[in-house]
Undergrad: 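My questions will all concern the structure given below.
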There are 2 protein chains.
Amino acid sequence: MSQQRSDTAETGTRARTRRAILDAAVTVLSQDISASLGDIAATAGVGRTTMHRYFPERSDLLAAISLDALEQADAAATRARLDDGPGADAVNRLCQELFEVGDPLMLLFNNPQLMTGKEWEEESDFDREVMRVVERGRSDGSLDPDLDAAWALQVVWALLYSAWMHSLESGVPKLTALSLCLRTVDKAFRP
Amino acid sequence: MSQQRSDTAETGTRARTRRAILDAAVTVLSQDISASLGDIAATAGVGRTTMHRYFPERSDLLAAISLDALEQADAAATRARLDDGPGADAVNRLCQELFEVGDPLMLLFNNPQLMTGKEWEEESDFDREVMRVVERGRSDGSLDPDLDAAWALQVVWALLYSAWMHSLESGVPKLTALSLCLRTVDKAFRP
DNA sequence: CAAAAACGGAACATCAGTGTTCCATGAGAG
DNA sequence: CTCTCATGGAACACTGATGTTCCGTTTTTG
């Protein structure tokens, strides 16, 4: 017991391996949610046995992916400084930050069954925070006063998804796709 | 050999059973793309053996679903009379008609791996037709002249998906969700 | 009604993925 | 260097889905 590794405080080798597995899982499962654990382990450059040490069951891995994606989304929201300036600008910044997260969020978007953990009960804190910003935007006149917050949330996700897909399918550079997305969000939400 | 049933000309009992299986498959697979054939057969009110008579392998069923959805989308496009009136109006009508198709299109949207058949090579006729309308809308001034057709296609799908989800998750009536969708498309595509 | 078609269920072999155990090897910390 | 930790691979049992065959029953059709 040289050091305690009770909760999420793992460091060094173990943390690196864990991250490699999570990243590989996102990559592989994005293509096929039914991919085998063997495939994921191979992509991570890790033995299947090792993976079972980190995530005893498939459901453990899926839960970890879900949680990790949620944390990345929260971090993106923090970076976007949602409380600064007009609501419309905050929404714009949020889209930019979320776009960077890419793969993990695509995976969640395409597989709602992943969002069934305890942290997703009812609306997540993340969702509430975003809807709050939309309402602020309506108050300060930077967003359409008729815009429903829950609907706006759906649209943001959907247009981000569109941008990712557009980049993938049409071979458009990511920045171009992001630009299209931001422009469309702006037009759709403007008063 | 009382009657030939070589191609798609099946009629009566067989056609009805086939349709029941396809409908049940869409319903079940929408919830979980990995659902077992047994579940689908049970939902269809049909023996698993019977299902294997119509679709020998799982892949045959998936291909049939994919094709059926594409045909329904084509039918919707026809009903929308894409060549009539201003481009913006045609797009609006198309959204309304596609919205009615609902479940099958949701299934495809959530599972791009279903769209790998021969009929999906490159761009489908459907996609080309829609992009043609968008370009017409740009010419006649009813749509944003800067609107990229391929991007517009993505956005239409994404906002339809948003409407379906919004109705499901927020418990909003379908017509309300459709209305939000149409309004958002209009704002996003307007000059 | 009588023949033909469609159906359902039971039984079976097969297969891929999963989760587990055990052991030998390699890398890193002290 | 040496001890500890992390790892990879082989082997195994188990499970659930799949595809197939066979046969008796029901429904449709002529």
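Within every chain, numbering begins at 1; the chains are lettered A, B, ... in the order of the sequence lines, protein sequences first and strands thereafter. All values below come from the heavy atoms of this structure, side chains included, with hydrogens, waters and symmetry mates left out. Keep in mind the model is a prediction, meaning the values are calculated, not measured.
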Undergrad: Separation of Asp39(B) atom CG from dG16(D) atom C1', in whole Å?
TA: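 Whole-Å distance recorded here is 11 Å.
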
Undergrad: Are Tyr54(A) and dA6(D) close enough that a side-chain N or O sits under 4.0 Å from OP1 or OP2?
TA: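 Result: no.
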
Undergrad: Determine whether any donor atom in the side chain of Thr49(B) lies under 3.5 Å from an acceptor atom in the base of dG8(C), or the reverse, and answer yes or no.
TA: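 Not at all, since no donor on one side and acceptor on the other fall under 3.5 Å apart.
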
Undergrad: Compare every heavy atom of Arg136(B) with every heavy atom of Gly87(B), then report the nearest pair and how far apart it is.
TA: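 For Gly87(B) and Arg136(B), the tightest heavy-atom pair comes out as N-NH2, 3.9 Å.
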
Undergrad: Is a donor on one side and an acceptor on the other found under 3.5 Å between the side chain of Thr116(A) and the backbone of Gln113(A)?
TA: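 Between the backbone of Gln113(A) and the side chain of Thr116(A) there is a qualifying donor-acceptor contact (under 3.5 Å).
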
Undergrad: In whole angstroms, how far is the P atom of dT14(C) from the CD atom of Glu57(B)?
TA: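 Checked: the CD to P distance equals 17 Å.
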
Undergrad: Would you mind reading off the distance between Phe55(A) atom CZ and dT18(C) atom P, rounded to a whole angstrom?
TA: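 My rounded result for the distance is 15 Å.
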
Undergrad: What is the distance, to the nearest angstrom, from the CZ atom on Arg16(A) to the C1' atom on dT7(D)?
TA: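 Between C1' of dT7(D) and CZ of Arg16(A): 14 Å.
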
Undergrad: Please give, in whole Å, the distance from dT20(D) C1' to His52(B) NE2?
TA: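 Going from His52(B) (NE2) to dT20(D) (C1'), I get 9 Å.
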
Undergrad: Just how far, in rounded Å, is P of dA16(C) from CG of Asp32(A)?
TA: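 From Asp32(A) CG to dA16(C) P: 16 Å.
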
Undergrad: Choosing from dG19(D), dG19(C), dA6(C), which nucleotide comes nearest the side chain of Arg14(B)?
TA: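 Selected nucleotide: dA6(C).
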
Undergrad: From the options dA6(C), dG8(C), dA6(D), select the nucleotide whose nearest atom is closest to the side chain of Arg53(B).
TA: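 The answer is dG8(C).
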
Undergrad: Please indicate whether Lys187(B) has more than 12 foreign heavy atoms, meaning atoms of other residues, nucleotides or ligands, lying under 6.0 Å from its NZ.
TA: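 Result for NZ/Lys187(B): enclosed.
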
Undergrad: Could you give the CG-to-P distance, from Leu29(A) to dG17(C), as a whole number of Å?
TA: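 Rounding to the nearest Å, CG of Leu29(A) and P of dG17(C) are 14 Å apart.
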
Undergrad: With sugar-phosphate meaning primed atoms plus P, OP1 and OP2, does Arg48(A) contact a base, only sugar-phosphate, or nothing at under 4.0 Å between heavy atoms?
TA: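 Arg48(A): base contact, heavy atoms under 4.0 Å.
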
Undergrad: Look at the side chain of Val46(A) and decide which nucleotide, out of dT7(D), dG8(D), dC7(C), has an atom nearest to it.
TA: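 Nearest to the side-chain atoms of Val46(A), counting from C-beta on, is dG8(D).
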
Undergrad: How close or far is atom C1' of dG19(D) from atom CG of Leu61(B), stated in whole angstroms?
TA: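 Rounding to the nearest Å, CG of Leu61(B) and C1' of dG19(D) are 14 Å apart.
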
Undergrad: Is the NZ or CZ atom of Arg18(A) both under 6.0 Å from the centre of the six-membered ring of Phe55(A) and within 45° of that ring's axis?
TA: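 Cation-pi check for Arg18(A) and Phe55(A): fails.
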
Undergrad: Looking for any heavy atom pair under 4.0 Å, which part of the strands does Ser36(B) touch: base, sugar-phosphate only, or nothing?
TA: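 Sugar-phosphate contact only.
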
Undergrad: Could you tell me if Arg14(A) sits above the aromatic ring of Tyr54(A), with its cationic atom closer than 6.0 Å to the ring centre and no more than 45 degrees from the axis?
TA: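 Yes, Arg14(A) lies over the aromatic ring of Tyr54(A).
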
Undergrad: In terms of side-chain heavy atoms of Thr50(B), which of dG19(D), dT18(C), dC7(C) is nearest?
TA: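 Nearest nucleotide to the side chain: dC7(C).
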
Undergrad: Can you work out whether Arg58(B) or Gly45(A) has the more 5'-proximal nearest nucleotide on DNA chain D?
TA: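 Its nearest nucleotide being more 5', the pick is Gly45(A).
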
Undergrad: Would you tell me if any nitrogen or oxygen in the side chain of Thr13(A) comes within less than 4.0 Å of OP1 or OP2 on dG28(C)?
TA: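 Answer no for this pair, as no side-chain N or O of Thr13(A) is under 4.0 Å from OP1 or OP2.
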
